[in-house]
Asks: 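My questions will all concern the structure given below.
The structure presented is a predicted model; accordingly, all values stated were derived computationally and were not measured. Each chain gets a letter, A, B and so on, in the order its sequence line appears, and its residues count up from 1.
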Amino acid sequence: MQRAAALVRRGCGPRTPSSWGRSQSSAAAEASAVLKVRPERSRRERILTLESMNPQVKAVEYAVRGPIVLKAGEIELELQRGIKKPFTEVIRANIGDAQAMGQQPITFLRQVMALCTYPNLLDSPSFPEDAKKRARRILQACGGNSLGSYSASQGVNCIREDVAAYITRRDGGVPADPDNIYLTTGASDGISVRTILKILVSGGGKSRTGVMIPIPQYPLYSAVISELDAIQVNYYLDEENCWALNVNELRRAVQEAKDHCDPKVLCIINPGNPTGQVQSRKCIEDVIHFAWEEKLFLLADEVYQDNVYSPDCRFHSFKKVLYEMGPEYSSNVELASFHSTSKGYMGECGYRGGYMEVINLHPEIKGQLVKLLSVRLCPPVSGQAAMDIVVNPPVAGEESFEQFSREKESVLGNLAKKAKLTEDLFNQVPGIHCNPLQGAMYAFPRIFIPAKAVEAAQAHQMAPDMFYCMKLLEETGICVVPGSGFGQREGTYHFRMTILPPVEKLKTVLQKVKDFHINFLEKYA
Amino acid sequence: MASSTGDRSQAVRHGLRAKVLTLDGMNPRVRRVEYAVRGPIVQRALELEQELRQGVKKPFTEVIRANIGDAQAMGQRPITFLRQVLALCVNPDLLSSPNFPDDAKKRAERILQACGGHSLGAYSVSSGIQLIREDVARYIERRDGGIPADPNNVFLSTGASDAITVLKLLVAGEGHTRTGVLIPIPQYPLYSATLAELGAVQVDYYLDEERAWALDVAELHRALGQARDHCRPRALCVINPGNPTGQVQTRECIEAVIRFAFEERLFLLADEVYQDNVYAAGSQFHSFKKVLMEMGPPYAGQQELASFHSTSKGYMGECGFRGGYVEVVNMDAAVQQQMLKLMSVRLCPPVPGQALLDLVVSPPAPTDPSFAQFQAEKQAVLAELAAKAKLTEQVFNEAPGISCNPVQGAMYSFPRVQLPPRAVERAQELGLAPDMFFCLRLLEETGICVVPGSGFGQREGTYHFRMTILPPLEKLRLLLEKLSRFHAKFTLEYS
């Protein structure tokens, strides 16, 4: 009983009823002031308008599904209605969605998912035994043996154990504790809504929390910072140097930031999005040391950990490197690492599967985190199941191993090929320069935009690269996202394009971009 | 605060540095968030389960999780048709299997055609797959006797809990102009938690326990009047059928609420996730949308309304899939764009959940092969829930010191319990709300986990708990009797 009572006290106590003793007279005065009496012939002003809405929400931008994508949608509708265009389809090269571009799901994964969804299939001879074993294991761990029950808010226990085992294997034996694993609704959820960034942001004025993010970045970060009314602190990746992360630049950024905010968080995306660079081990050590020195909470977005193409590069997890740097670092640096089912060789974006591993959290903060997670009950259980298969795939000796390995290698080999193809083709175009795509799923080439085009853009009140991308979309149907949506050094222009269309189609797309670019240069010479 | 200095010196002693992220340094709004449904009592229940697994002897052999509205966790079976179609979508190879009915295959193909790459694995548009939004609109129209619904006003979400972020749009101002939101007491604590997180002002209006938890507009006036002192009330939340109370609003009441909201310029949020869970004879679900439209001008064309539904409740109980939607009515077009923008940052709701929702809003038609089985399963679930609602009310009302309003709908009972003064004192000594103390003792001695009324809100000096009606009928009967006996024993102990 004492234990139970202590638990309750440690959490927040019960709510007290709201106070009743407020004066009425001022309320009445305010009431009549607030009420707007309008004649019935005109519509009265809405309660919720752009002016009256949450200003933080208004400030949020997310280019990946922003204005250019809306335009692409309009154009698609026009095409459907039979309006003639210089192209027959819109190519959605704006978003890292592999299956939308034709990549096939991994057979084994979908088999296990189907068995979990409709357990009658466990009696069917058309499913391999190893898939059935996985499905039974997952179902047994679910309430009522069903994907339809809520799970624990942190995620299904045995799946968290499997994730921990995966991390330990991946990191050559560096231990992961299931208790530090949180399953999430895609990685985006772990980063933003239910978590770390939300818990971290506090203070006011000059002591408002500052969050360091790479430029260029994946605009989830800037959007969340905006929504939380935190301070965005930019550190620039070095384009001249394959988008390398330079610790001196981190130092510069944090020093300047201390003037006007309290920097507490450092976000790293590795492999990078949109840049595709894969951090060297040395670089990761430097970053960890920097975070340790400056007392920063490290967020390592590692959703592309399976997407490394360059033979000279290797994925090093922040967790592993941290651990190998010794106890002074590994016991102290607060680190949250994120992974997802959306990328890699799986491409299961729609399932919204993901996890985060959070280490060295203050125990009371952990309680707060679990509490926050509990309000939304749990991440989608089918996504959790998908994550389980990702971290617990068929192994040598199992029936499905061969086909699984083949499919996986095929997808990854294909992506690597497309990465090289894209880099090479772009670099053949005068006025386009593309850094090597070491990993991830995107090209982020730099484009030269002539002065006349810059002027034209300004006349249209658009960023020059948005102007460029809109023209590209209108003339070729290819939808990419302007670099201004990700951030870039002043006076430079880029766009982000995925490498996901099938090889032949990708070649056509790249050729079209090349032709467009050359025309564009001529037109605005 | 003392604790953090203590932490620091302890940390230094162990060679550990102070953390970047501590209670003092964290987001204060998050700190204020509470969610009793999965709060401390549930953590204790987890510990007890752990102890049972380790072989520790207890006065019970299992913990009964009667704290959360999760039907399938308590043994309710999923609807066959829904899972068949979903399995076909997940693994389209099964489309050639003879073991699936044709109508299920047809549905699966239809859904897959509407997905990027014909796969559940692709992101959808942020507001949800267009085809499914259209199906939802049609469902709403059918449900509301033909009143039109525009698919563009339908946004799919990750469960209804996610859609409540409409509230996020409404929060603005500072100090006295900070947005206030009226919520019922007792309420489903997602609302209080969300308001705490958003830093909005919670404005309580009390449901009337003496009249089966009725919503009284006079009470709305009272709450609003007092609130205007210290905040800018801009929204009114209604849960119908109610959670935890189970009351089903009459049509007259809904009209009165709409008129009130219109006159007082409040954005209406109608949480209708239990719209398929109506049990009491004489009770009927009336959607806020329908009543609003039928009220005609000036209300129909101007009152701003957001209505929520979910795949977690009803007869489906598909909580784990996180399917849901919100229909917005009379929302400013530019604001609607903002809402879409917000949703786009998270990309899209889980596509399997969207697919499930589609089946819920367009179930088998009478001419379909799967219709008979579907209907039978659905009716069986709903009939059992109705029986359990009645049983719960009956058993609790037979117990001296427990009184239970009729469970007209939803999935819970929220009985009032008398607690002897000495028990209240003891609770206070322990730093616990009296009903939390009662519930903890109940849990320790019977293994039954329910949520104290203090987690939902209640009038000062009254005590309640929320218990689900979800365990299988005979098991439920046993639990209700066990609980009643415990209450009697508890009362005796503290007399």
Asks: Would you kindly say whether B:Thr158 and A:Arg352 are connected by a side-chain donor-acceptor distance under 3.5 Å?
Replies: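 Looking only at side-chain atoms, A:Arg352 and B:Thr158 do not form any donor-acceptor pair under 3.5 Å.
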Asks: Heavy-atom distance under 4.5 Å to chain A: side chain of B:Glu304, backbone, both or neither?
Replies: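 For B:Glu304, the contact with chain A is made by the side chain alone.
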Asks: Taking all non-hydrogen atoms of both residues into account, name the closest pair between A:Lys371 and B:Val33 and its distance.
Replies: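 Taking every non-hydrogen atom into account, NZ-O, 2.8 Å.
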Asks: What residue among B:Asn91, B:Leu120, B:Val90 forms side chain to side chain contact (heavy atoms under 4.5 Å, CB included) with A:Met113?
Replies: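 Answer to the side chain to side chain contact (heavy atoms under 4.5 Å, CB included) test with A:Met113 among B:Asn91, B:Leu120, B:Val90: B:Val90.
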Asks: Could you check whether B:Glu444 pairs with B:Arg44 (Lys NZ or Arg NE/NH1/NH2 to Asp/Glu carboxylate O, under 4.0 Å)?
Replies: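 Answer for the salt bridge query: yes.
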Asks: For each of A:Gly143, A:Ser202, A:Ser149, tally heavy-atom pairs with chain B at distances under 4.5 Å, and name the one with the top tally.
Replies: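 Most pairs with chain B among the choices: A:Ser149.
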Asks: Which atoms of A:Cys116 are under 4.5 Å from chain B, going by heavy atoms: the side chain, the backbone, both sets, or neither?
Replies: backbone
Asks: Need one label for A:Leu296: side chain, backbone, both or neither, based on atoms under 4.5 Å from any heavy atom in chain B.
Replies: backbone
Asks: Does any backbone or side-chain atom of B:Phe456 lie under 4.5 Å from a heavy atom of chain A? Answer side chain, backbone, both or neither.
Replies: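 Neither the backbone nor the side chain of B:Phe456 comes within 4.5 Å of chain A.
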Asks: Apply the test side-chain contact (heavy atoms from CB on, under 4.5 Å) to residues B:Met339 and A:Val57: give CA-CA distance (whole Å), side-chain angles for both, the deciding distance (0.1 Å), then the verdict.
Replies: CA-CA 9 Å; B:Met339 192 161 110; A:Val57 171; over 6 Å; no
Asks: Which bit of B:Val37 comes within less than 4.5 Å of chain A, counting heavy atoms only: side chain, backbone, both or neither?
Replies: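 The answer is neither part of B:Val37.
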Asks: As a quick check of understanding, evaluate side-chain hydrogen bond (donor to acceptor under 3.5 Å, both in side chains) for A:Thr49 and A:Ser52, giving each step before the final call.
Replies: CA-CA 5 Å; A:Thr49 62; A:Ser52 68; 3.1 Å; yes
Asks: What option among A:Ser153, A:Gly186, A:Ala223, A:Gly102 has the most heavy-atom pairs under 4.5 Å with chain B?
Replies: A:Ser153
Asks: Given heavy-atom pairs under 4.5 angstrom as the criterion, report whether the side chain, backbone, both or neither of B:Ala193 touches chain A.
Replies: side chain
Asks: So for B:Asn330, is it side chain, backbone, both, or neither that comes closer than 4.5 Å to the heavy atoms of chain A?
Replies: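 When you check distances to chain A, atoms from both the backbone and side chain of B:Asn330 fall under 4.5 Å.
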Asks: Give, as side chain, backbone, both or neither, the part of B:Ile68 having an atom under 4.5 angstrom from any heavy atom of chain A.
Replies: side chain
Asks: Does the distance from a Lys or Arg side-chain N to an Asp or Glu carboxylate O, for B:Glu318 and B:Arg83, drop under 4.0 Å?
Replies: yes
Asks: If every non-hydrogen atom of A:Asn360 is compared with every non-hydrogen atom of B:Lys19, which pair is closest and at what distance?
Replies: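 It is O-NZ, 2.7 Å.
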Asks: Heavy-atom distances under 4.5 Å only: say whether B:Cys115 touches chain A with side chain, backbone, both or neither.
Replies: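 For B:Cys115, neither part sits under 4.5 Å from chain A.
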Asks: Taking side chain as everything from C-beta outward and backbone as N, CA, C, O, which of these in B:Leu266 sits under 4.5 Å from a heavy atom of chain A? Side chain, backbone, both or neither.
Replies: backbone
Asks: What's the verdict on side-chain hydrogen bond (donor to acceptor under 3.5 Å, both in side chains) for A:Arg110 and B:Ser119, showing C-alpha distance, side-chain angles and the deciding distance?
Replies: CA-CA 11 Å; A:Arg110 292 304 187 90; B:Ser119 167; 2.9 Å; yes
Asks: Using non-hydrogen atoms and a 4.5 Å limit, figure out which bit of B:Met331 sits close to chain A: side chain, backbone, both or neither.
Replies: both
Asks: Can you tell me which portion of B:Ser124 sits under 4.5 Å from chain A's heavy atoms? Options are side chain, backbone, both or neither.
Replies: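 Looking at B:Ser124, just its backbone touches chain A.
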Asks: Under 4.5 Å from any heavy atom of chain A, what part of B:Leu342 do you find: side chain, backbone, both or neither?
Replies: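 Contact with chain A: side chain only.
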Asks: Could you tell me which portion of B:Pro297 (side chain, backbone, both or neither) has an atom closer than 4.5 angstrom to a non-hydrogen atom of chain A?
Replies: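 It is neither, since no heavy atom gets under 4.5 Å.
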Asks: Given a strict heavy-atom distance threshold of 4.5 Å, which part of B:Arg322 is in contact with chain A: side chain, backbone, both, or neither?
Replies: side chain
Asks: Given a strict heavy-atom distance threshold of 4.5 Å, which part of B:Thr179 is in contact with chain A: side chain, backbone, both, or neither?
Replies: neither
